[in-house]
Enquirer: 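Take this structure, written in structure tokens, and hold onto it; I'll ask about it next.
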Amino acid sequence: MATVLLTGGAGFIGSHTALEFLNAGVDVVVVDDFSNSSPKALDRVQKLTGKSLTSYNQNACDAEGMRRVFANCRFDAVVHFAGFKAVGESVAKPLEYYRNNIDSALTVCELMREYDVRKIVFSSSATVYGSAKTMPILESFETGRCTNPYGWTKFMIEQILLDAAKADPNLSVTLLRYFNPVGAHESGEIGEDPLGLPNNLAPFITQVAVGKRAKLNVFGNTYPTPDGTGVRDYIHVVDLAQGHVAAYQHATPGAHIYNLGTGKGTSVLEFVAAFERATGVHIPYEIVEPRPGDVAVCYADPKRAEQELGWTAKLGLDEMCRDAYNWQRKNPNGYRD
Ligand code: UFG
């Protein structure tokens, strides 16, 4: 049976992806240092699928520890999620972000070469497009001009992987550029569990919904959008996770780049209205100053993934809101209960 290594596989997207791989009949090994995730997520993935996975409490930058993981098992592919991901924090701690994110990616690539693992799927982000001039965003759009160190680490790792693919004709590199992942598995057993104050819209709203926060701050209402609030392409994390399985199944030598989004833009106020409709819970909000570095509008053209991977996002805003709320209600303190 085929086996994939998921670095950062206990995190929000990693845990949902582990579940989809197991359901697709692919064995899963996870490395995660649990610095921003919980082993409970992996216990629940195993319970939900009725299948077992192997996990290592292991930082992906630690080459010796990672070598033991590669020596223990022959992997068909690596899906590299591990990394720091908070935009604001990356501005305050750029060196930590560059060291951690670039180092872990290089360590994984070097060990892949050493152990002749020929496929990598990388967790990239729409942030690499910076502030695109036209919408929807195609994979061919220029990248760079990122607005923060986190974004630059994604950009730099993309470049490293593209160069590695050029140098090694046997290597398959797939860059998945995520738009805005939200929601949770429909069981409510796994979901997004940010440490402290959530940076992102959906977990902030679900925390307001369960009474952990008094109100949502809406960052600006004077953007050039229909209601003045920022427009994003929200994608259900289960759809996103299935996109990784499709990318793995279609991986061929060379470099491949896919947007994973729905192609639909939704404003902050539309998201709030959709959440209220889907859950019946009122979300009080206040308009505050725009957040530095935010773009007005960002949504994908996801056609390439449809044509080449046979993948499209199937779940809509209703399911995203319903499932995110279900997870938060069942786990008001995330995995810390
Ligand atoms: N927003 C609020 N209030 C909040 C949080 C967010 O109004 O408390 C707004 C933002 O201004 C933005 C929208 O909600 O208009 C979405 O914000 P998120 O923080 O949820 O997501 P971003 O689009 O800013 O960032 C996401 C990922 C990043 C990634 C980026 C790529 O979190 O990792 O998409 O575009 F880099």
Side-chain angles (χ1 to χ4, degrees), residues 8 11-14 36 81 83-91 97 101 122-132 135-137 141 143-158 175-183 192 194-209 212-237 240 259-262 264-275 283-300 317 320-321 324:
F12 173 43
I13 302 170
N36 190 16
F81 296 104
F84 293 159
K85 61 170 187 180
V87 170
E89 185 185 59
S90 79
V91 177
Y97 269 67
N101 291 7
F122 174 57
S123 175
S124 190
S125 166
T127 196
V128 299
Y129 295 115
S131 177
M135 294 292 146
I137 296 177
F141 280 22
T143 56
R145 275 184 271 185
C146 300
T147 54
N148 56 77
Y150 158 78
W152 281 116
T153 68
K154 293 294 180 192
F155 174 85
M156 290 175 188
I157 296 166
E158 283 200 354
L175 310 178
L176 299 181
R177 294 178 178 157
Y178 312 154
F179 282 69
N180 288 60
V182 300
E192 188 167 12
L195 281 173
L197 194 70
N199 296 308
N200 299 111
L201 181 65
F204 206 103
I205 290 180
T206 59
Q207 291 197 5
V208 173
K212 290 187 75 175
R213 315 258 167 218
K215 62 174 170 53
L216 170 72
N217 289 323
V218 174
F219 298 143
N221 68 348
T222 55
Y223 286 109
T225 63
D227 64 22
T229 64
V231 167
R232 296 290 184 276
D233 185 341
Y234 297 96
I235 172 170
H236 198 294
V237 65
L240 189 77
N259 286 337
L260 295 185
T262 64
K264 289 188 201 75
T266 302
S267 75
V268 177
L269 295 183
E270 283 169 343
F271 194 98
V272 170
F275 188 91
I283 302 297
Y285 68 83
E286 186 186 341
I287 309 288
V288 300
E289 286 298 297
R291 182 170 62 178
D294 272 359
V295 297
V297 183
C298 178
Y299 58 93
L317 270 184
M320 298 180 212
C321 294

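In this text, all values refer to a predicted model and were calculated from it rather than measured experimentally. Scope of the values below: all heavy atoms of this structure, side chains included, with no hydrogens, waters or symmetry mates. All ligand and atom numbering here is 1-based and tracks the order in the structure. Numbers here are sequence positions counted from 1.
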Enquirer: Among all protein non-hydrogen atoms, which one is nearest to atom 23 (O) of ligand 1, and what is the separation to 0.1 Å?
Expert: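 Checked against all protein heavy atoms, atom 23 (O) of ligand 1 sits closest to R232 NE, 2.6 Å.
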
Enquirer: Nearest protein heavy-atom contact for atom 20 (O) of ligand 1: which residue, which atom, what distance?
Expert: L201 N, 2.9 Å

Enquirer: For atom 5 (C) of ligand 1, which of Y285, F219, F204 has the closest heavy atom?
Expert: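 Ranked by closest heavy atom to atom 5 (C) of ligand 1, first place is F219.
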
Enquirer: Suppose I only count heavy atoms of S125 and a 4.0 Å limit; which atoms of ligand 1 are within that range?
Expert: 29 (C), 31 (C), 36 (F)

Enquirer: Where is the nearest protein heavy atom to atom 9 (C) of ligand 1: which residue, which atom, and how far?
Expert: V268 CG2, 3.6 Å

Enquirer: Would you please test V288 and F219 for side-chain contact (heavy atoms from CB on, under 4.5 Å) and show each step?
Expert: CA-CA 5 Å; V288 300; F219 298 143; 3.5 Å; yes

Enquirer: Of all the atoms in ligand 1, which lie at a distance below 4.0 Å from a heavy atom belonging to D294?
Expert: 10 (C), 11 (O), 24 (O)

Enquirer: Which ligand 1 atoms, with their elements, are less than 4.0 angstrom from a heavy-atom of Y234?
Expert: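 Near Y234, meaning under 4.0 Å from one of its heavy atoms, ligand 1 has 13 (C), 14 (O), 16 (C).
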
Enquirer: Are K264 and Y299 close enough that some pair of their side-chain heavy atoms sits under 4.5 Å apart?
Expert: no

Enquirer: Hey, does Y285 have a side-chain heavy atom less than 4.5 Å from the side chain of V268?
Expert: no

Enquirer: May I ask you to list the atoms of ligand 1 that are less than 4.0 angstrom from any heavy atom of T127?
Expert: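 By the 4.0 Å cutoff, the relevant atoms are 31 (C), 35 (O), 36 (F).
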
Enquirer: Do N199 and K85 come close enough that some side-chain heavy atom pair is under 4.5 Å?
Expert: no

Enquirer: Atoms of ligand 1 less than 4.0 Å from N199 heavy atoms?
Expert: 5 (C), 19 (O)

Enquirer: If we ignore hydrogens and angles and just use 3.5 Å, is the side chain of N221 paired with the main-chain N or O of T229 as donor and acceptor?
Expert: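 Side chain of N221 to backbone of T229: no pair is present.
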
Enquirer: Enumerate the atoms of ligand 1 whose separation from the nearest heavy atom of N217 is less than 4.0 angstrom.
Expert: 2 (C), 3 (N), 4 (C), 7 (O), 8 (O)

Enquirer: How does R291 reach ligand 1, by side chain, by backbone, by both or by neither, if only non-hydrogen atoms under 4.0 Å count?
Expert: side chain

Enquirer: Looking only at distances, can you tell me whether any N or O atom of K85, backbone or side chain, sits closer than 3.5 Å to an N or O atom of ligand 1?
Expert: no

Enquirer: Check ligand 1 against V218 and write out every atom of the ligand that is under 4.0 Å from a heavy-atom position of the residue.
Expert: 7 (O)

Enquirer: Which one holds for F271 and ligand 1: side chain close, backbone close, both close, or neither close, with close meaning a heavy atom under 4.0 Å?
Expert: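 The answer is neither.
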
